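Have a look at the structure below, then the notes.
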2 protein chains.
Amino acid sequence: MGCKKHLGWRGMLKKCGCKMTKPREIILEHLSKNCKHLTVEDIYFALKNKSHDIGLTTVYRTLELMVQNGILNKFDIGDGKSRYELAFETNSKDHHHHLVCCKCGLIINYNDFIDEEIQLLKKVEKELSEKHNFKILNHIIQFQGVCSNCAKKNEETN
Amino acid sequence: MGCKKHLGWRGMLKKCGCKMTKPREIILEHLSKNCKHLTVEDIYFALKNKSHDIGLTTVYRTLELMVQNGILNKFDIGDGKSRYELAFETNSKDHHHHLVCCKCGLIINYNDFIDEEIQLLKKVEKELSEKHNFKILNHIIQFQGVCSNCAKKNEETN
DNA sequence: TACTAATTGAAAATGATTTTCAATTTCTTT
DNA sequence: AAAGAAATTGAAAATCATTTTCAATTAGTA
Ligand SMILES: [Mn+2]
Ligand SMILES: [Mn+2]
Ligand SMILES: [Zn+2]
Ligand SMILES: [Zn+2]
């Protein structure tokens, strides 16, 4: 498991003069296995008391490094905590966008229309990057609203 | 100036049992005149030493209230500060999406392809809200990258 | 004008993230 | 395999955005 990934990560790190370390390996491995939207705390506590205890500061630093190098995506659902997930290539089958509940923070991945979305994004991206001389690296499409659970809760209250 | 806006705001506030106050009026007026992407601090200092000094806490509270009521949009470009702008109707000519520079935080509004974008969003929204029983209230489309200025700076460094 | 509920704002509290710095680890070179 | 240079780690302290508290003030209503 993870051999190819490990090589990729190590290569990426070498390119920017960084080293592959135990904590970095463990954190990336954890993110690979849990394809979720994790906070720093989520990761810190999940790895606590495992074979190798990782400091909170190191979790922060590792995640930031991986974002800078395009391994991870960082995003914010409005609750003041950053969330991280593996960055999937725009054209991979794992690439997806988000539905976010503004009441409870639930995040739903979807890729039902991903081909159409990507097609339009590509076009917009091309025109805008030329027009504004802007190098586009990434995109976000996100719908915000109220999940079925929160809607139900709200009805009961009234 | 702003009569219609003021009435709309007052009406909105009444509906949720809130009052129209000097600070709220001033903050909304400021946001109307500066169609930008302002932080709490931006607004607090812009209004400091004006006719009516507004407390930082009140700025926070007013902005949050307006977001809850759909008057303002809140978003995050990854620098840890929330930003606010007037919420334009999905179909208004002022509705737009964003290009964000991840180096300097520059935000460019664009609506070059807004009709196509909206059309696709509507379709996706309809299907997803049915599939997941999710009430969609808002959407975000954002491109992240490096602006021409930051690209130039980076070249010079190398 | 008088009343009541909502609002304000200064100060303190909170909570996420960053900084500091001495000890440890990685990777390259012998 | 051992040494050395440079990068990394992590505990503690610092920072900084945002929230809470609470007594004084203000807006809307009767
Ligand atoms: Mn996701
Ligand atoms: Mn904008
Ligand atoms: Zn929810
Ligand atoms: Zn820039």
Side-chain angles (χ1 to χ4, degrees), chain A residues 6-7 9-28 30 37-45 47-69 71-72 74-84 102 105, chain B residues 6-7 9-28 30 37-45 47-69 71-72 74-84 102 105:
Chain A
H6 285 203
L7 284 174
W9 296 334
R10 191 176 290 269
M12 172 283 281
L13 289 168
K14 186 174 257 175
K15 243 185 270 176
C16 67
C18 299
K19 296 169 177 173
M20 177 51 92
T21 64
K22 258 283 151 44
R24 287 174 182 173
E25 203 173 347
I26 292 171
I27 290 170
L28 283 171
H30 182 74
H37 314 94
L38 303 178
T39 64
V40 170
E41 264 205 324
D42 288 338
I43 296 168
Y44 174 69
F45 285 117
L47 301 178
K48 189 128 200 168
N49 303 320
K50 298 289 182 192
S51 51
H52 187 120
D53 248 29
I54 300 171
L56 185 58
T57 313
T58 299
V59 178
Y60 272 102
R61 280 187 295 225
T62 299
L63 294 173
E64 196 52 36
L65 177 69
M66 299 304 156
V67 169
Q68 292 312 322
N69 287 281
I71 307 293
L72 297 181
K74 175 182 184 175
F75 57 95
D76 203 293
I77 62 166
D79 65 349
K81 303 176 196 177
S82 294
R83 283 162 200 279
Y84 301 83
C102 55
Chain B
H6 285 203
L7 283 174
W9 296 336
R10 191 177 291 268
M12 171 283 281
L13 290 168
K14 186 175 257 176
K15 243 185 270 177
C16 66
C18 300
K19 296 169 177 175
M20 176 52 91
T21 64
K22 257 284 152 44
R24 287 175 183 173
E25 204 174 348
I26 293 172
I27 291 170
L28 283 170
H30 182 73
H37 314 93
L38 303 178
T39 63
V40 169
E41 263 205 326
D42 289 337
I43 296 169
Y44 173 69
F45 285 116
L47 299 179
K48 188 128 200 168
N49 303 320
K50 298 290 182 193
S51 51
H52 187 120
D53 248 30
I54 300 171
L56 185 60
T57 313
T58 299
V59 178
Y60 272 103
R61 281 187 294 224
T62 299
L63 294 173
E64 196 52 37
L65 178 68
M66 299 303 155
V67 169
Q68 292 312 321
N69 287 281
I71 307 294
L72 298 181
K74 175 181 184 176
F75 57 95
D76 203 292
I77 63 167
D79 66 349
K81 303 176 197 179
S82 293
R83 282 160 201 280
Y84 301 84
C102 55

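Just so we're on the same page: letters track the sequence lines, and every chain starts at 1. No experiment lies behind these values; they were computed from the predicted model shown.
When side chains are defined from C-beta on, B:Tyr60 does not count as touching B:Glu64, because their heavy atoms never get closer than 4.5 Å. Side-chain contact check for B:Trp9 versus B:Glu25: every heavy-atom pair is 4.5 Å or farther apart. Contact annotation: the side chain of A:Tyr84 approaches that of A:Val40 to within less than 4.5 Å [non-hydrogen atoms, C-beta and beyond]. Using a 4.5 Å heavy-atom threshold, the side chains of A:Thr39 and A:Asp42 count as touching. Between A:Leu38 and A:Arg83 the shortest side-chain heavy-atom distance does not fall below 4.5 Å. Counting heavy atoms from C-beta outward, B:Leu13 and B:Met66 have side chains that approach closer than 4.5 Å. Contact check for B:Ile43 versus B:Leu63: side-chain heavy atoms found under the 4.5 Å cut-off.
To the nearest angstrom, C1' of C:dT7 lies 12 Å from CE of B:Met66. Between the C1' atom of C:dC27 and the CZ atom of A:Arg24 lies a distance of 13 Å, rounded to the nearest Å. As rounded to whole Å, 10 Å separates atom P of D:dG10 from atom CG of A:Leu56. Distance, A:Leu63 CG to D:dT8 C1': 15 Å, rounded to whole Å. The OH atom of B:Tyr60 sits 13 Å away from the C1' atom of C:dT14 (whole-angstrom rounding). Distance, B:Glu64 CD to C:dG9 C1': 18 Å, rounded to whole Å. In this structure, CD1 of A:Ile27 is placed 12 Å from C1' of D:dG10, rounded to the nearest angstrom. Separating the CG atom of B:Leu47 from the C1' atom of C:dT8 is a distance of 15 Å, rounded to the nearest angstrom.
In this model, the phosphate group of D:dG28 is approached by a side-chain N or O of B:Arg10 to a distance below 4.0 Å at OP1 or OP2. Distances shorter than 4.0 Å separate none of the side-chain N or O atoms of B:Thr57 from OP1 or OP2 on C:dA10. Distances shown here put a side-chain N or O of A:Thr21 below 4.0 Å from the OP1 or OP2 atom of D:dT9. Dashed line: the shortest gap from a side-chain N or O of B:Ser82 to OP1 or OP2 of D:dA17 is not under 4.0 Å.
Distance from the side chain of A:Met20 is smallest to C:dC27 among D:dT9, C:dG9, C:dC27. Candidate nucleotides C:dT7, D:dA17, C:dG9 were compared by shortest atom distance to the side chain of B:Cys18, and C:dT7 ranks first.
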For nucleotides 2-6 of chain D, print each protein N/O atom paired with a nucleotide N/O atom at under 3.5 Å, atom names and distance only.
| unit_1 | atom_1 | unit_2 | atom_2 | d |
| --- | --- | --- | --- | --- |
| D:dA6 | N3 | A:Lys19 | NZ | 2.9 |

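When the nearest nucleotides of DNA chain D are assigned to B:Val40 and A:Asp53 by heavy-atom distance, the more 5′-ward of the two goes with A:Asp53. For A:Thr58 and B:Lys81, each mapped to the nucleotide of DNA chain D holding its nearest heavy atom, the one lying further toward the 5' end belongs to A:Thr58. Between B:Leu13 and B:Tyr44, it is B:Leu13 whose nearest contact on DNA chain C lies nearer the 5' terminus.
Rounding to the nearest 0.5 Å gives a distance of 10.0 Å between OH of B:Tyr44 and OG1 of B:Thr58.
Of the possible donor and acceptor atoms, none in the side chain of B:Arg24 sits under 3.5 Å from a partner among the backbone N and O of B:Arg10. Under a 3.5 Å cut-off, the side chain of B:Asp79 and the backbone N or O of B:Lys81 do form a donor-acceptor pair.
The C1' atoms of five pairs define one axis at each end of the helix from C:dT1-D:dA30 to C:dT30-D:dA1, and these two axes lie 40° apart (to 10°).
Looking at A:Arg61, its side chain comes within 3.5 Å of the base of D:dG10 through a donor and an acceptor atom.
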